[in-house]
Number of protein chains: 2
Amino acid sequence: MIKRTKLKDIAEALNISVTTVSRAINSKSDISEETRKAVLAMADKLNYRPNALAISLRKSLFNVIGVILPSVDHYFFSTVLKGIMNKAHQANYLVMIGESMNDLEKENEILNQFMSHCVTGILISPSGRDSLSQVRPKRIPFVVVDRPLENEVDSVVKYDDLNGAFLAVDHLINQGYKNIACLKGNKDCIISATRLKGYKKALKLHGIESNANMIKSCTYPSKKDGYLMSKELLLATNKVDAFFTITDNLAAGVYEAAEELKLKIPTDLGVVGYSNSQISSSLTPKLTTIEQPGERMGEQAFDYLQQIIIGNNRLFKKTFDAQLIIRNSSAKNLPVYSA
Amino acid sequence: MIKRTKLKDIAEALNISVTTVSRAINSKSDISEETRKAVLAMADKLNYRPNALAISLRKSLFNVIGVILPSVDHYFFSTVLKGIMNKAHQANYLVMIGESMNDLEKENEILNQFMSHCVTGILISPSGRDSLSQVRPKRIPFVVVDRPLENEVDSVVKYDDLNGAFLAVDHLINQGYKNIACLKGNKDCIISATRLKGYKKALKLHGIESNANMIKSCTYPSKKDGYLMSKELLLATNKVDAFFTITDNLAAGVYEAAEELKLKIPTDLGVVGYSNSQISSSLTPKLTTIEQPGERMGEQAFDYLQQIIIGNNRLFKKTFDAQLIIRNSSAKNLPVYSA
DNA sequence: GTGAAAGCGCTAACAA
DNA sequence: TTGTTAGCGCTTTCAC
């Protein structure tokens, strides 16, 4: 922190009191137009910039919020962050950002640092089931984004993941695929678990029995994991004719395995991903997937947080409707989409 | 900001002075083991958390840095941010993040807010040529990342973009492509300009005259722009047999145009992108591109900033070497790569 | 319309 | 080893 002009400097230069300067800067009413102008001119001349730390300390409010996301280079989360920043900027809030990397301990560390630094509120995409039990006791305004723990006590902006997965798998079945495998993430991941439920729900609805052998998990879903898991399944049973993957990355891996095994998508193998990330429309054939409006979710989350900060003490909940984006990776018989 | 335990609360609970409590918390030497333990126990009991604002105000240092990037949902920048956060977290710094959206005015606004909030230093990827003339006068430690203005007065972590583009185009020529077009961004974008130079340098080296009609610009390079610009070029001259695009997104657009016009990549049309973003290996055929180690660049930038903050008053410069990643989009005759 | 004084939570110099 | 005092930069009573 470098030394800079403060109110006292302005006061001394003008031979008036600090109080008066403060009043002028904050455009209070009880001050003469004359002095006001003089102060402002001098402030400008000396390149005065208020010290937000001092102001915050004095006024007990700090217009900074903290955002905790699993990872910023994950496309979906980066759009959530963008949404948050859109609104935060408008509302004159600054945003601090921390990555939890799905690590509860690191998450808690960041949380504590944020608290120490007096953030006014927290926006968090929890890394695990116990995340929020770390947050709640701090008694700080917060809103959960995208990874809702099942409860009725927190404000949360989420996505209808159950239905998203359901739509994906239902679509595959309707297209004529019979043996649909599911590629998912960690057992502890709420999102993964919810999407798995949606998968099972769709199977059940169509009278298909879910088979544990058709479900594969990995720690941190990547293209490579998708490749390995799908290859294993394709070689093992030889009956899998479609994949539902809980993330587009995994689907990209399926494409790779399919090519290696000379299986044509979508005729031999149907694929539906999740998130509509950038790769989904770059794959050939283009990937059918589930849209996730990260930016809008981030914006909504900030709006709720702001409501809570200004004292609106109710619970805010919003679930974004699931939306299937049909492209060519699931067109068993006919290509249905080409844009 | 909610009310929380402060030193005074602990002091009163223990009937000792605030100073003593402070000493205990900060584990100074001149304090009895006994009181130290008592204080720590009470602090824990009352769930004490130091007020970083007050500490910073008092000590005139605030362990927060500000990061200004054009856009966080751009893959490359999100990895830069990740690199910065890796190191910042290790060094116990918090990071504030702002998006300039390539808008000088917005950039300046964020800058001022950061300054007001007493960030110790700034990491910035400048949005335009005049960005730094806004930063320099503030006399705050800063490091430029990835978008170096041509000067010798700032610390900067950059990438050898001239050579990156050169390698890309040189490679295309060596593969046997004759008429190589360049798809780029805005005229004001330094990065775009530098890569264009590399393109021209490679042409020149091979005795090919650069042709203004083979160079197309757009405002904010997207897949769609790539599609439109490449289609226009392919329809117009019918002689373009390869594209060098200053970003992978644009290359993805070229793929789309190629498919529409029934041109086979790489036989009819060679393509080389830039950035090695996620889509590059999802495209079919896989895209030859230029690797950009965003995370490592972010880490390096933070390290430099930290040096400057602790008073190491020299200029820090680092240029990451350009690296061509050869995949199949540029294999005019034989596929050369498949992983 | 203006200024003096107190205090936000904390630390550092100086006393005791 | 502990306490007293002053002050970081600012705002807010309360006098004048």
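Quick caveat, the model's predicted, so the values are computed rather than measured.
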Q. Roughly how many Å is it from CG in B:Asn51 to C1' in D:dC10, rounded to a whole number?
A. 14 Å
Q: Identify which nucleotide among C:dC10, D:dG9, C:dA12 has an atom closest to any side-chain atom of A:Arg58, counting heavy atoms from C-beta outward.
A: D:dG9
Q.
Under a 3.5 Å threshold, yes or no: a donor from one side chain and an acceptor from the other, between A:His117 and B:Asn63?
A. yes
Q: Can you tell me the distance, in whole Å, between the CD1 atom of A:Ile10 and the P atom of D:dG9?
A: 13 Å
Q.
Quiz question: by atom type and distance under 3.5 Å, do the side chains of A:Arg314 and A:Asn312 form a donor-acceptor pair?
A. no
**Q.** Qualifying salt bridge (Lys or Arg N to Asp or Glu O under 4.0 Å) pairs with a residue from residues 104-114 of chain A, counting only residues at least two apart or across chains
**A.** none
Q. How many Å lie between NZ on A:Lys8 and P on D:dT11, as a whole number?
A. 16 Å
Q) Does the side chain of A:Asn92 come under 3.5 Å of the side chain of B:Gln113 through a donor N or O and an acceptor N or O? A) yes
Q | Test ring pair (Phe, Tyr, Trp, His ring centres under 6.0 Å) applied to A:Phe77 - qualifying residues, sequence neighbours left out | A | A:His74
**Q.** d(CG, A:Leu57; C1', C:dA6) in whole Å
**A.** 14 Å
Q) Any chance the side chains of A:Asn112 and A:Lys138 put a donor and an acceptor closer than 3.5 Å? A) yes
Q. Is A:Thr35 near enough to C:dG1 that one of its side-chain N or O atoms lies under 4.0 angstrom from OP1 or OP2?
A. no
Q) On DNA chain D, nearest-nucleotide positions of B:Ser32 versus B:Ala54: which is more 5'? A) B:Ser32
Q. Which ones in residues 13-31 of chain A lie close to DNA chain C, meaning a heavy atom under 4.0 Å from one of its atoms?
A. A:Ile16, A:Ser17, A:Thr19, A:Thr20, A:Arg23, A:Asp30, A:Ile31
Q. Nearest-Å distance, CD1 (B:Ile55) to P (C:dT11)?
A. 5 Å
Q | Whole angstrom value for the distance that separates P of C:dT11 from NZ of B:Lys6 | A | 14 Å
Q. Bend angle of the helix from C:dG1-D:dC16 to C:dA16-D:dT1 from five-pair axes at both ends, rounded to 10°?
A. 50°
Q.
Among residues at least two apart in sequence or on other chains, which ones pass side-chain hydrogen bond (donor to acceptor under 3.5 Å, both in side chains) with A:Lys82?
A. B:Ser71, B:Asp73, B:Glu99
Q: Just jot down the side chain to side chain contact (heavy atoms under 4.5 Å, CB included) partners of B:Leu315, sequence neighbours excluded, or say none.
A: B:Ser155, B:Lys317
Q. Starting at CZ of B:Arg49 and ending at P of C:dG9, how long is that distance when rounded to a whole Å?
A. 16 Å
Q. Rounded to whole angstroms, how far apart are CZ on A:Arg4 and C1' on D:dG9?
A. 10 Å
Q.
Between B:Ser17 and B:Thr20, is there a side-chain donor-acceptor contact under 3.5 Å, judged purely by atom types and distance?
A. yes
